[in-house]
Amino acid sequence: GNMAYSELIKNFENIRDYISQFYVYGFKRRKDYDKKSSRSYDNERRRIESWLGEYMCFTNESDGKSTFLSLDSRTVLHNPLYKAFKAKSFTDKDIMLHFYILDILKNKSLSSSEIADEIANEYFSMLVYVTIIGGITFSAIGSIFVPQIAKALGASGELLDLCVLYSRITFISMPAFMLQNVFQSFFVAAQKPKMGLVVIIIAGVTNMVLDFLFIAVLRWGLAGAATATVCGELLGGIIPLIYFSRKNSSLLRLGKTRFNGRILLYTCSNGLSELMTNLSSSIVSSLYNIQLMKIAGENGVAAYGSIMYVNFIFAAIFFGYAIGSAPIISYHYGAGNHDELKNLFKKSLSLISIWGVMLAVIAQLLAAPLSKLFVGYDAELFEMTVNGFRIYCIVFLINGFDIFGSSFFTALNNGILSATISFLRTLLFQAGALLILPIFFGINGIWSAVIVAEMLTLVITITFFIKYRTRYHYA
């Protein structure tokens, strides 16, 4: 049967749109409404009439009845829309927040901004503590099962022993490494992005210096490389932990908290794209190695490794901008600053376009010097690497938009769209291209796979940008 008309309201955005389009701008007719059914228009009109009935006027024209508002602000004693509050329905989140605030205000008085800070710090603390517990748990599980995992991936003999040794040492710092990644986002949210950069530099330099000390000077070999990695990761996680645990000048501070499964689930779902990116990268890297071994042997794998080193440096520009801009986008979206959001979106696309062209040109010019730096000891391998890099670097014209698109929808709290973009660009399209293109183009098909994958993903990203522009008001 037909759903009965209800005065309860769950979204005022539609109400605002109806009032502005039909009553403030005025002189529009029922037939001019084409967003939904005419019945939807009638329901919203009835709600508005219950609040503004005494101010509404109508004119009968030859092609129908038009409506508009007529009121004298000098005679209006109160906001006529106050009646709308009575019709506003409370969701489960509203009710939860109500009791949450009551609990915060127990035995103390706080302003609204102080309440918001208290809630932010409780959520922040909970997520950090969950990260620590999760890191310790995964480290223990990984240390126990790493021999079986390495065997399943094809390791045996001396290679298996080295895999187990390196993994078990590096698992020591996994909780700190997880914290390092988590704190990078929180540094931006706390308006301390430079602090995040300093921590990354300290961790990276520590790793490099200790690599030289443990491997070249002390001759510890693989164990030395793993130990250097552990030391760098420990600093990267512990320094921010100490900073946020003490009184600081940022917006966030670790303290007492309580477990909130809803917030944790919401956070995890919003990070689906990042999960897909990391999982997909591992799978696709393995697929690259398998295909290259079939077609070009060890030289192909060596060339791919060299290209990936350079790719990480170039792509880091796009990832850095996407991660750094995400909290700003989230803030303006949450605050309803639609003009700022539109400005950010437009400027971001312009910057990514410029960077894409610059990176592609620079990569073409530096293809030979960079390849010589990595594989200059072998003429055949050098030629293969230069050719592969010149083809691969075309992707810089495209992938910045896909990287930004995934991060952009994460910032707008739409983890599903973000994860979809990440899944398509890093796994589905790329794996498909890796399996199909080499059949027709040989090794050049492997180098071109990422270009085809990013182009197909760009079509999806543009479609999402166009489809959701009115919902999120960024264009």
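Small disclaimer: the values here were computed from a predicted structure and weren't measured.
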### Query
For the rings on Phe389 and Trp447, is their centre-to-centre separation under 6.0 Å?
no
### Query
Under 6.0 Å between ring centres, would you say that holds for Phe318 and Phe401?
no
Could you tell me whether the side chain of [X] and the main chain of [Y] form a donor-acceptor pair under 3.5 Å?
X: Asn299; Y: Gly297; answer: no
X: Ser407; Y: Phe404; answer: no
X: Tyr474; Y: Glu340; answer: no

If you take all heavy atoms of [X] and [Y], which pair is closest and at what distance?
X: Pro240; Y: Gly237; answer: CD-O, 3.4 Å
X: Leu251; Y: Ala189; answer: CD1-O, 3.9 Å
X: Ala449; Y: Leu437; answer: CA-CD1, 3.8 Å
X: Ile215; Y: Gly224; answer: CG1-C, 4.3 Å
X: Leu427; Y: Ile283; answer: CD1-CG2, 4.0 Å
X: Ala150; Y: Cys163; answer: CB-CB, 4.1 Å

### Task
Go through Phe345 and Phe408 one step at a time and tell me if the ring pair (Phe, Tyr, Trp, His ring centres under 6.0 Å) criterion holds.
CA-CA 9 Å; Phe345 180 71; Phe408 183 72; 5.2 Å; yes
### Message
Which residues pass the side-chain contact (heavy atoms from CB on, under 4.5 Å) test with Ser185, not counting sequence neighbours?
### Response
none
Roughly how far, to the nearest 0.5 Å, is the [atom2] atom of [Y] from the [atom1] atom of [X]?
X: His332; Y: Lys342; atom1: NE2; atom2: NZ; answer: 14.0 Å
X: Ile263; Y: Cys268; atom1: CD1; atom2: SG; answer: 11.0 Å
X: Glu233; Y: Ile172; atom1: CD; atom2: CD1; answer: 11.0 Å
X: Tyr304; Y: Met384; atom1: OH; atom2: CE; answer: 15.0 Å
X: Glu118; Y: Tyr123; atom1: CD; atom2: OH; answer: 12.0 Å
X: Leu210; Y: Cys231; atom1: CG; atom2: SG; answer: 5.0 Å

Does either side chain, that of [X] or that of [Y], offer a donor lying less than 3.5 Å from an acceptor on the other one?
X: Ser125; Y: Thr257; value: no
X: Tyr331; Y: Asn337; value: no
X: Ser422; Y: Ser406; value: yes
X: Asp402; Y: Thr457; value: no
X: Asn387; Y: Asn444; value: yes
X: Gln430; Y: Tyr288; value: yes
X: Lys372; Y: Thr385; value: no

Side chains of [X] and [Y], heavy atoms from C-beta outward: is any pair under 4.5 Å?
X: Ser250; Y: Tyr243; result: yes
X: Glu454; Y: Leu458; result: no
X: Asn413; Y: Tyr266; result: yes
X: Ser371; Y: Phe382; result: yes
X: Leu197; Y: Phe187; result: no
X: Phe138; Y: Phe171; result: no
X: Arg390; Y: Val386; result: yes
X: Pro147; Y: Arg168; result: yes

### Task
Could you walk me through whether Tyr309 and Phe314 pass ring pair (Phe, Tyr, Trp, His ring centres under 6.0 Å), step by step?
CA-CA 9 Å; Tyr309 277 122; Phe314 279 55; over 10 Å; no
Could you check whether the rings of [X] and [Y] sit parallel, tilted or perpendicular, using 30° and 60° as the cut-offs?
X: Trp355; Y: Tyr321; answer: perpendicular
X: Phe464; Y: Tyr468; answer: perpendicular
X: His338; Y: His473; answer: parallel

### Task
Using the ring pair (Phe, Tyr, Trp, His ring centres under 6.0 Å) rule, pick out the option among Phe186, Phe124, Tyr129 that qualifies with Phe244.
Phe124
### Task
Please test Phe429 against Phe423 for side chain to side chain contact (heavy atoms under 4.5 Å, CB included), starting from the C-alpha separation and ending with a verdict.
CA-CA 8 Å; Phe429 289 153; Phe423 173 74; over 6 Å; no
### Query
Stepwise, does the side chain to side chain contact (heavy atoms under 4.5 Å, CB included) test hold for Arg471 with Asn414?
CA-CA 11 Å; Arg471 178 193 291 188; Asn414 195 325; 4.0 Å; yes
### Task
Evaluate whether atom CE of Met358 has more than 12 neighbouring non-hydrogen atoms of other residues, nucleotides or ligands under 6.0 angstrom away.
no
### Task
Dump the intermediate steps for side chain to side chain contact (heavy atoms under 4.5 Å, CB included) on Phe374 and Val310, then the final yes or no.
CA-CA 10 Å; Phe374 287 103; Val310 180; 3.8 Å; yes
### Query
Which is it for Val182 and Leu127 under the side chain to side chain contact (heavy atoms under 4.5 Å, CB included) test, yes or no, and what are the steps along the way?
CA-CA 9 Å; Val182 167; Leu127 294 174; 5.8 Å; no
